[in-house]
Number of protein chains: 2
Amino acid sequence: MPLRSDWSEELCPVRRGLDVLGDPWIMLIMREVLHGRSRFEQIRDSIGISDAVLSRRLRLLVEEGLLSKVDYRADRRTHAAYVATEAGADLLPVMHAVSIWAEKHTAMPAGGAHMAIIHEACGNESTTGDACSACGEDLRPEDVSWDKPWKSARERLVGVPAVR
Amino acid sequence: MPLRSDWSEELCPVRRGLDVLGDPWIMLIMREVLHGRSRFEQIRDSIGISDAVLSRRLRLLVEEGLLSKVDYRADRRTHAAYVATEAGADLLPVMHAVSIWAEKHTAMPAGGAHMAIIHEACGNESTTGDACSACGEDLRPEDVSWDKPWKSARERLVGVPAVR
DNA sequence: CGACATACTCTCTTCAAGCAAGTGAGGTGA
DNA sequence: TCACCTCACTTGCTTGAAGAGAGTATGTCG
């Protein structure tokens, strides 16, 4: 990932990971895609990123193998869409870890509320990010919802699409 | 964290977390501190960051409450040192998640090897990042070692110091 | 006193972010 | 058919941070 220094050859996995993940937009884009918002304008409008930066990040994410670009038909025309690959879907535990950390250690703004990670496969809230704290199974995007009380919404995530 | 846009008032915890963690240096600095490398020059030399950037990041991390700056005497003089706070030590699951993701989804460079997370409290390797996959206990820095075969070293982490 | 170490700060150049505007391919309405 | 729209970008401009290197303030040692 040649945004700044190239750390892809580092021996320490933390550093290799940060080569890709050490950018504030990457995880936000992946979060949107895992929420099923797969089109350029959907992602742009939901996270407030500029066109230029989103365009570059999407290209990088496809190069790095976290997203794949697909065309699909809707509204009588062809749209570009970005869907998670296995590597992209596997970012879920990282997002969960960030979320759990932030809930514990950043100030909750006015109007905020606890976001619960719901493991739909067993029906319970998980308090850990990689394996469900209730049933012990790995948390896969397609089995997880994020309960966001400030939006009065429980949003089901989407994983790697079955057909490509 | 006013490096770029300020996301500290965002309702979504992922975004609030990325306000602090969405920078490649932050996690690397915290990793060094959790390895007991607490002085300016130790951190600088082990991660290869410029003086100016390290200085700014350390100030930010103290402001954000992830590090605390302490003076200690060694070599007959007073040194500045940075030690993790509770919020800093709680980054360990995030680091583990990044590391596990990177081991699975980035190319292992020549000379690299699997880095095992050892839960010294039970003596086993954990394959998950927040609770030990072997015994189920939360992974706290003071109970964890990272086994780095490429350095032929098993490095014990350090948590929040008992005295401040 | 001068040499040295530590923990920074300052200066300079390069490059990305953020904002705004433009572009081109495809589709739509009159 | 031709102006107009939407989508998914690209281009240009300005500001500001990164990275590299040199300088500086404080304290210690001989």
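So you know, we letter chains A, B, ... as the sequences are listed, proteins then strands, and number each from 1.
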Participant: Starting at CG of A:Leu60 and ending at P of D:dC9, how long is that distance when rounded to a whole Å?
Facilitator: 13 Å

Participant: Under 4.0 Å from OP1 or OP2 of D:dA17: is there any side-chain N or O of B:Trp25 that close?
Facilitator: no

Participant: Could you tell me whether the side chain of B:Ser55 and the main chain of B:Asp51 form a donor-acceptor pair under 3.5 Å?
Facilitator: no

Participant: Nearest whole angstrom, please: distance from the C1' of C:dA16 to the CG of A:Asp6.
Facilitator: 17 Å

Participant: Roughly how far, to the nearest 0.5 Å, is the CZ atom of B:Arg31 from the SG atom of A:Cys12?
Facilitator: 4.0 Å

Participant: Can you check the A:Arg76 CZ to D:dC7 P distance for me, whole Å?
Facilitator: 16 Å

Participant: How many whole angstroms separate atom CG of A:Leu54 from atom C1' of C:dC19?
Facilitator: 15 Å

Participant: Would you say the rings of B:Trp101 and B:His96 are close, in the sense that their centroids are separated by under 6.0 Å?
Facilitator: no

Participant: Just how far, in rounded Å, is P of D:dC9 from CD1 of A:Ile43?
Facilitator: 10 Å

Participant: For A:Arg73 and A:Ser50, take the nucleotide of DNA chain C holding the closest heavy atom to each; which residue's nucleotide lies nearer the 5' end?
Facilitator: A:Ser50

Participant: Is the shortest side-chain N to carboxylate O distance from A:Arg39 to A:Asp45 below 4.0 Å?
Facilitator: no

Participant: What one-letter contact string describes nucleotides 5-12 of chain C from 5' to 3', where B marks a base within less than 4.0 Å of any protein heavy atom, S marks contact via sugar-phosphate atoms alone, and - marks no contact?
Facilitator: BSSBBB--

Participant: Is the shortest distance from a Lys or Arg side-chain nitrogen in B:Glu64 or B:Arg57 to a carboxylate oxygen in the other one below 4.0 Å?
Facilitator: no

Participant: Quick one about B:Asp90 and A:His105 (side-chain donor to acceptor, distance below 3.5 Å, no hydrogens or angles considered), yes or no?
Facilitator: yes

Participant: Mind calculating the distance between CG (B:Leu28) and C1' (D:dG19) to the nearest angstrom?
Facilitator: 16 Å

